[in-house]
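Structure first, then comments.
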Amino acid sequence: MKHYDFKAIEEKWQRFWDSEGCFRSALVTEKKKYYVLEMFPYPSGRIHMGHVRNYSIGDVVARYKRMQGFNVFHPMGWDAFGMPAENAAIQHKIHPAKWTYENIANMRTQLKRLGYSYDWEREIATCHPKYYRFEQKFFLDFFKTGLAYRKKAPVNWCPSCHTVLANEQVEEGLCWRCDSEVQHKELSQWFLRITDYAEELLADLETLSGGWPERVLAMQRNWIGKSTGAEVSFSVQDMDAQISVFTTRPDTLFGATFMSLAPEHPLVEKLIAGSSQEKEVRAFVERIAKMERIVRTAEDLEKEGVFTGRYCLNPMNGRQMPIYVANFVLMDYGTGAVMAVPAHDQRDFDFATKYGLPKVQVIAPKDPDMVLDEQTAYVDAGFMVNSGEYDGLDSEAAKAVIVQSLAERGLGKATINYRLRDWNISRQRYWGAPIPIIYCDHCGIVPVPEKDLPVELPLDVQVNPDGRSPLPDCKTFVEVICPSCGQPARRETDTMDTFVESSWYFARYLAARNEDHPFTPEDAAYWMPVDQYIGGIEHAILHLLYSRFFTKVLRDQGYLAHGEPFANLLTQGMVLLHGSKMSKSKGNVVDPDAMVAKYGADTVRLFCLFASPPEKDLEWNDQGIEGASRFLHRLWRLVESLKESLTAVAPCSPIAGVLSDAEAELRRKEHDVVRRVERDIENKFQFNTAIASMMELINTLYAVKDELQKSPHGPTLLSSALSSVLVILSPIAPHICEELWATMGHSQSLVHELWPVYDPEALKTNEITVVIQVNGKLRSHISVAADASSETVQDLALRDKNIVRYIEGKNIVKVIVVPGKLVNVVVK
RNA sequence: GCCUGGGUGGCGGAAUUGGUAGACGCCAGGGAUUUAAAAUCCCUUGUAUCUUAGAUACGUGCGGGUUCGAUUCCCGCCCUGGGCACCA
């Protein structure tokens, strides 16, 4: 018997697929398309088990869909810009470009060793000028339409890394790399106007329902944070000034007894100028301004404030409302001013209690017996009271009526507020795509003319040891001639956030080698959207929101026909070792290469798919992978040992003639397993149960092979069953299946094979087991003919000797017969 | 607080529309083969109790409910992973 030499077999078939170009994709419109995509990796140097799991799931989907007759598009590339390359450059004195391209080469080899069916001719790397030139083109388009703009904004600044950090790179106020305290700095930055798309990004989540996990949709909804309410204007007494507030509760306007402003509110200075409160307020504002943002926004921070000495007027009842500056009011949400309704908002309630401010109840509970708590604001809906002409109205209904009244007087309007902020894409880093902008003393901000694209990132620079970008010091890069007036000018030295590259890469694959267009409308119309996107939950908001935004913008600019990039999303769970995520710093990593060397790619793939359903976390288990390996060896020995009697019959072959019971049973099992595997893959990619079914079939084959080898139809049925196993297992463990397929005598590679079609007739049995219960408890089984009538089954059940024991001398109240399943005898 | 997942043997996990709870795999125990080991093959394996070739009771986080019958449906809780949050 030939030994299962997985190393030789895997190399052989990988070479074969490669040289035959089995996985190249072409535009074939008569076939239905299927675009399956896994989130592309950052080229860190080596793949980890999380990648293996992600890409194994994707590869099964790709191979399965090909077998189902789809024209499958399955590309791979590299998210190649980013800080780790610069860190490596500093640590190992190697240029980020060299480091990145070497890593890509290593990781490509690793991925090829796992036998993934990628179309490698579509490979992209985002750090290549031929990639980012189109990104620069998009930026210019966005700039033209006002979607990209520059503004001064507060950012997270790490003084030791000399760079801004994204919010997610700040951990409890400290820099994730060097643990320095992050400062706040006002910097002029480039922003993309994602807030223009807030409503559409939110509304279109509905269209993704079903295709995307509910929790990802919920996370995006939270992130966008829509609140519906009104903007209301309060005029300041004895002064020509208005304070505008955003409120979700215009129905409580009659209960507004004071006003709270953020310390940074632009009106504060004007309000206090020359007043007796000036000194006190200024001291308070300065004290708050010095506080770290995390301390400031901590929920347990004591609420405090200071009176400005000024009053504003309630637009509904003319009430004098003292104006406070309060530490809990945030300048970057709403208008930076809050109308305080102590009776109906807990925060305002506490604040009013502390400073002895009046509380006026304007909403009465609908339940007249409800007793209001002395210490708690009543925040629910109810009936209006103390609200003049609105008394007695339902508070929900009153919202619109009051807003209407304000609008008629020019004092307010219905409005919607979002939590979502515009996307700051400027990075003071070297290893990124240059922003194609020139600053001219005469002309101001001047976009780089399209003919001058790409603005190439200069490679003949050295990364500064302290991490500062070398670009501002790179004269050949910075010093340019203004394209508009011809005078000397300066180039923008910030680069783009790497999330910009990953916001459109899925479309670039469609025309990866096209140097004139990012992609063509024909390609996009045929292939987009991605039918199945697969990746980690950690991208639930950032990457997945940015990509959705980009797709909508590219649609509006005429590049794409679709407004959503990913029709279906699978978020796979993490790979854990000893209960926590594998990480180099914790030292709990399992190296995929070592596993492939020890067990082979097929085993590693099989284990990743079998150990748990894809969306759940997977606990790595050395014994578990032994089990996976055992199964493939068992399959190998089965085919090798039967080799002499096997023939190259098609999966689920029709059989002429009468089958013995054992023969019919094997045939039934074969067809049933094909049915179950197909169902499990179609239904939420349940590869774990699909594999379990195939294991059952192998177990059955072991049990019956000796008997069936000698029976008339036995060899044909064994061959058919094994052909089926090899075809349906091939998306998961492709190499061993190809090899055994050839061993069986099949002349054509499995990549040309279609998914077997099971015969529903083959699933039928002559005899079925019916369960008998007494009062819902299992008491016996009987075997009856499959077509036995309910009466016959009931009759047999009641005469079963196990059942007689339980029902003797008792009253039979009723008998329930579920055809083909069970009989329940109810007795008293 | 709001929004979302989840809770089933020693472990990972199964269970189409309510119909045999624990498929498949791992671990463990026993046996076969072997000079021996590895590998392989076969058997046992939810818990408890008993008069132990078998039988009975209990058992899917907890407490109720609907039903002939509930892991599955309904009501009320507990625990837990994740997201958002002084959000006005």
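In what follows, every chain begins at residue 1, and chains take the letters A, B, ... in the order their sequences are listed. Predicted model only: the values in this text are computed from it and were never measured.
- In this structure, L261(A) places its CG atom 16 Å from C1' of C86(B), rounding to the nearest Å.
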Exercise answer: donor-acceptor pairs, residues 252-261 of chain A side-chain atoms, under 3.5 Å, sequence neighbours excluded:
from, atom 1, to, atom 2, distance (Å)
T252(A), OG1, R249(A), O, 2.8
T257(A), OG1, P358(A), O, 2.9

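- Note on E678(A) versus R675(A): no salt bridge recorded, every NZ/NE/NH1/NH2 to OD/OE distance being 4.0 Å or above.
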For nucleotides 45-50 of chain B, list the nitrogen or oxygen atoms of the protein found under 3.5 Å from its nitrogen or oxygen atoms, one pair per line.
none

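- Taking atom P in both C68(B) and U52(B), the straight-line distance is 39 Å, to the nearest Å.
- For A85(B), the OP1/OP2 oxygens have a side-chain nitrogen or oxygen of R419(A) closer than 4.0 Å.
- Note on R668(A) versus E665(A): salt bridge recorded, some NZ/NE/NH1/NH2 to OD/OE distance being below 4.0 Å.
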Just to be sure I follow the notation: if a pair is Watson-Crick (purine N1 to pyrimidine N3 plus N6-O4 or O6-N4) or a G-U wobble (N1-O2 and O6-N3), each under 3.5 Å, what dot-bracket string does RNA chain B give, with | for pairs to another strand? (((((((..(((......[....))).(((((.......))))).(((((...)))))..(((((..]....))))))))))))....

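- F631(A) has its ring centre no less than 6.0 Å from the ring centre of F610(A).
- Between R676(A) and D672(A), at least one side-chain nitrogen of the basic residue sits less than 4.0 Å from a carboxylate oxygen of the acidic one, meeting the salt-bridge criterion.
- One interatomic measurement links the two molecules: CG of N683(A) to C1' of A14(B), which rounds to 14 Å at whole-angstrom precision.
- As rounded to the nearest Å, C73(B) and U60(B) have C1' atoms that lie 16 Å from one another.
- For V268(A) against P263(A), the heavy-atom pair with the smallest separation is CG2-O, 4.1 Å.
- Using a 4.0 Å heavy-atom distance criterion, D617(A) is classed as a sugar-phosphate-only contact.
- Across all strands shown, V329(A) has heavy atoms under 4.0 Å from base atoms, whether or not it also approaches the sugar-phosphate.
- Between D350(A) atom CG and A88(B) atom C1' there is a gap of 14 Å when expressed in whole angstrom units.
- Atom P of nucleotide C87(B) and atom CD of Q346(A) are separated by 12 Å, given to the nearest angstrom.
- Using a 4.0 Å cut-off between charged side-chain N and carboxylate O, E214(A) and R221(A) make a salt bridge.
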Could you tabulate the donor-acceptor pairs under 3.5 Å formed by side-chain atoms of residues 812-819 of chain A, not counting sequence neighbours?
none

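- Taking the centre of each ring, W620(A) and F607(A) come in below the 6.0 Å mark.
- Under the 4.0 Å criterion applied to side-chain N and carboxylate O atoms, K684(A) and E615(A) are not assigned as salt-bridge partners.
- The closest side-chain donor-acceptor pair between K399(A) and T248(A), if any, does not fall under 3.5 angstrom.
- Comparing atom distances between the W223(A) side chain and each of C86(B), G12(B), C84(B) picks out C84(B) as nearest.
- As a whole-Å value, the separation of L542(A) CG from G83(B) P is 12 Å.
- At least one cation-pi condition fails for R419(A) and Y333(A): the charged atom is not both under 6.0 angstrom from the six-membered ring centre and inside a 45 degree cone around its axis.
- Comparing G64(B) with U49(B), their P atoms are spaced 25 Å from each other, to the whole Å.
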Would E199(A) and Y418(A) satisfy side chain to side chain donor-acceptor pair (under 3.5 Å), going step by step from the backbone distance to the final call? CA-CA 9 Å; E199(A) 188 56 44; Y418(A) 298 93; 2.3 Å; yes

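- In terms of position along RNA chain B, the nucleotide closest to N222(A) lies nearer the 5' end than the nucleotide closest to the other residue of the pair Y418(A) and N222(A).
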Please step through salt bridge (charged side-chain N to carboxylate O under 4.0 Å, His left out) for the pair E808(A) and R805(A), ending with a clear verdict. CA-CA 6 Å; E808(A) 231 170 10; R805(A) 274 172 53 208; over 6 Å; no

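- Proximity note for K814(A) (side chain, C-beta onward) versus G12(B), C68(B), G83(B): the nearest is C68(B).
- Note on K303(A): every side-chain N or O is 4.0 Å or more away from OP1 and OP2 of C86(B).
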Protein proximity profile, nucleotides 15-34 of chain B - base contact B, sugar-phosphate-only contact S, no contact -, cut-off 4.0 Å on heavy atoms: SB--BB--BBSSS-------

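- Spacing between C24(B) and C77(B) at atom P, rounded to whole Å, works out to 40 Å.
- The main-chain N or O of A337(A) is never found under 3.5 Å from a side-chain atom of H265(A) such that the two would form a donor-acceptor pair.
- As rounded to the nearest Å, U44(B) and A53(B) have C1' atoms that lie 15 Å from one another.
- To the nearest whole angstrom, the two C1' atoms, one in G13(B) and one in A21(B), are 13 Å apart.
- The CZ atom of R53(A) sits 11 Å away from the C1' atom of G12(B) (whole-angstrom rounding).
- Here, G9(B) and U47(B) have their C1' atoms 9 Å apart, quoted to the whole Å.
- When the nearest nucleotides of RNA chain B are assigned to R221(A) and V825(A) by heavy-atom distance, the more 5′-ward of the two goes with R221(A).
- Taking 4.0 Å as the cut-off between side-chain N and carboxylate O, R679(A) and E682(A) do not count as a salt-bridged pair.
- For the C1' atoms, the distance from C62(B) to G7(B) is 11 Å, rounded to whole Å.
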Please write out each protein N/O paired with an N/O of nucleotides 53-61 of chain B under 3.5 Å, distance rounded to 0.1 Å.
from, atom 1, to, atom 2, distance (Å)
U56(B), OP1, Y806(A), OH, 2.0
A57(B), OP2, R779(A), NH1, 3.4
C58(B), OP2, K777(A), NZ, 3.3

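- Glycosidic torsion of G9(B) falls within 90° of 0, placing the base in syn.
- Computed from coordinates, the K616(A) NZ to C11(B) P distance equals 13 Å when rounded to whole Å.
- Counting non-hydrogen atoms under 4.0 angstrom, P613(A) reaches the backbone sugars and phosphates but no base.
- Across the protein-nucleic acid pair, M259(A) atom CE and A88(B) atom P stand 16 Å apart, rounded to whole Å.
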